[in-house]
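What you see is a predicted model, and the numbers here were worked out from it, not measured in a lab. Residue numbers start at 1 and run along the sequence shown.
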Amino acid sequence: MTQASKSGSVVVADWHRCKDSKEYFSKILYKKKRKHFGLLESPVMPPHIPVDTVHYKVFLSGKSGVGKSTLAARLAGQTIPCMHYETTGIETAVVYWPVKLKESGRVLFFRFQLWDCGENALRRFDHLLPSCKEKVDAVLFLFSFTDRTSFDDLANQITKWKESSVGPAVTLVVGTKFDLFMHCDVSEKDVRNFQETWQLAVLRTGGGEVGDGLDAATPLLNSLAENLWNQDCIMAGHQMQQQTASSTLE
């Protein structure tokens, strides 16, 4: 399980507000709203601007009702359901997100395939969780600021994941419904204590409608991008060290 990198250490955090980003973000927008991409669709850039795309699978974990489907819709720029319903199986959403790397200035399109599975479905069908975990690159552990039991369950979720994990995966914790402060059951002190104990950053997201802009989704998508890219760089470095050691031995 890979620890989160420091926010803003890998990608330019506010790049979506810069002039040189407009041509890239225009490929994921239509009439100032996010385009919806199917499994076989992708942004099309002009020939004179070649951009590499990196692909990642992201699993959303959390109790029923914490807002997994809402978060997936928010990150994909889709309409948030008016009423809560239990996800009956596995639902996926594709998100394309352009980022600019701080060190090199290189621009990449990150393709996140979000996997959301209902808690009851996971309990009923043993094959669903292994499918969600197969070749997963990142897991988002969700809790709701309005549901204390979902926060208390985080330790159990993370421990179970670590025990059954089949490979390295970026781990992030997301608190949903942060804007419903009048009904908050989780205090800032609780969050600070959790972060100190588990050495994991807690990201926050609201529970309201998706706006026309990019600001609401940017912090979480950028955090996902920089942690996944950082993990890939670390793994690539380890592989180079192993290859060098092997060549030396030969």
Side-chain angles (χ1 to χ4, degrees), residues 4-8 11 13-17 25 28 33-34 36 56-85 87 91-97 99 110 112-119 137-154 157-158 169-192 194-195 198 200-228:
S5 63
K6 185 179 179 181
S7 179
V11 308
D14 58 350
W15 187 56
H16 65 291
R17 297 174 183 162
F25 278 97
I28 66 168
K33 292 188 177 182
R34 300 273 292 284
H36 298 168
Y56 297 101
K57 177 180 176 181
V58 182
F59 176 52
L60 278 60
S61 174
K63 289 186 61 183
S64 177
V66 296
K68 297 188 294 294
S69 298
T70 297
L71 179 64
R74 182 180 299 279
L75 295 180
Q78 299 175 356
T79 302
I80 294 176
C82 296
M83 297 180 62
H84 170 261
Y85 66 92
T87 304
E91 294 184 359
T92 63
V94 174
V95 180
Y96 280 93
W97 190 250
V99 304
F110 279 74
F112 303 119
Q113 187 176 31
L114 308 178
W115 284 52
D116 169 26
C117 189
E119 184 182 24
D137 299 296
V139 56
L140 303 182
F141 291 103
L142 273 65
F143 73 93
S144 169
F145 275 96
T146 65
D147 180 0
R148 178 74 197 194
T149 60
S150 67
F151 179 78
D152 292 338
D153 190 53
L154 279 176
Q157 283 189 60
I158 297 172
V170 164
T171 303
L172 296 175
V173 178
V174 182
T176 64
K177 305 178 185 178
F178 181 63
D179 51 346
L180 304 179
F181 55 89
M182 292 294 292
H183 307 281
C184 188
D185 288 337
V186 182
S187 68
E188 286 299 320
K189 182 179 179 180
D190 294 328
V191 173
R192 287 196 300 271
F194 173 86
Q195 291 180 127
W198 288 92
L200 290 171
V202 175
L203 304 173
R204 296 161 173 79
T205 184
E209 284 295 321
V210 175
D212 291 345
L214 298 167
D215 288 344
T218 294
L220 212 161
L221 289 173
N222 277 348
S223 186
L224 254 182
E226 63 184 356
N227 278 282
L228 285 164

When rounded to the nearest 0.5 angstrom, what is the spacing between [atom1] in [X] and [atom2] in [Y]?
X      : Y      : atom1 : atom2 : value
Thr205 : Leu75  : OG1   : CG    : 7.0 Å
Thr218 : Arg17  : OG1   : CZ    : 7.5 Å
Arg148 : Ser187 : CZ    : OG    : 6.5 Å
Leu140 : Leu203 : CG    : CG    : 8.5 Å
Trp115 : Thr92  : CH2   : OG1   : 7.0 Å
Gln113 : Phe59  : CD    : CZ    : 13.0 Å

For this session: Any chance you could lay out the side chain to side chain contact (heavy atoms under 4.5 Å, CB included) test for Asp137 and Val58, step after step, and finish with the verdict?
Result: CA-CA 6 Å; Asp137 299 296; Val58 182; 5.9 Å; no
Taking C-beta and beyond as the side chain, do [X] and [Y] meet within less than 4.5 Å on heavy atoms?
X      : Y      : value
Leu228 : Glu226 : no
Leu221 : Phe112 : yes
Leu220 : Arg74  : no
Leu114 : Val95  : yes
Thr171 : Phe141 : yes

Problem set entry | Partner residues of Arg204 under the side chain to side chain contact (heavy atoms under 4.5 Å, CB included) criterion, sequence neighbours left out |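 Here the qualifying residues are Phe145, Phe178, Glu188, Val191.
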For this session: May I have the step-by-step check of salt bridge (Lys or Arg N to Asp or Glu O under 4.0 Å) for Asp147 and Lys177, ending in yes or no?
Result: CA-CA 10 Å; Asp147 180 0; Lys177 305 178 185 178; over 6 Å; no
For this session: Assign the ring pair His16 / Trp97 to parallel, tilted or perpendicular, where the plane angle (0 to 90°) is split at 30° and 60°.
Result: tilted
Would you say [X]'s side chain and [Y]'s backbone share a donor-acceptor pair under 3.5 angstrom?
X      : Y      : answer
Thr176 : Leu71  : no
Asn227 : Ser223 : yes
Glu91  : Ser69  : no

Of all the heavy-atom pairs spanning [X] and [Y], show the shortest one and how long it is.
X      : Y      : result
Gln157 : Ser61  : OE1-OG, 2.7 Å
Ala225 : Val99  : CB-CG1, 3.9 Å
Thr146 : Ser144 : OG1-OG, 2.8 Å
Ala76  : Val94  : CB-O, 4.4 Å
Ser150 : Val66  : CB-CG1, 3.5 Å

For this session: Apply side chain to side chain contact (heavy atoms under 4.5 Å, CB included) to the pair Phe194 and Val173, showing each step before the final yes or no.
Result: CA-CA 10 Å; Phe194 173 86; Val173 178; 3.9 Å; yes
Exercise. Centres of the Phe110 and Tyr56 rings: under 6.0 Å?
Worked result: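 Centroid distance Phe110-Tyr56: below 6.0 Å, so yes.
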Exercise. After noting the C-alpha distance and the side-chain angles of Lys63 and Thr149, does the key distance pass the side chain to side chain contact (heavy atoms under 4.5 Å, CB included) rule?
Worked result: CA-CA 9 Å; Lys63 289 186 61 183; Thr149 60; 2.9 Å; yes
For this session: Give the C-alpha distance, both sets of side-chain angles, the deciding distance and a yes or no for side chain to side chain contact (heavy atoms under 4.5 Å, CB included) between Val202 and Phe143.
Result: CA-CA 10 Å; Val202 175; Phe143 73 93; 3.8 Å; yes
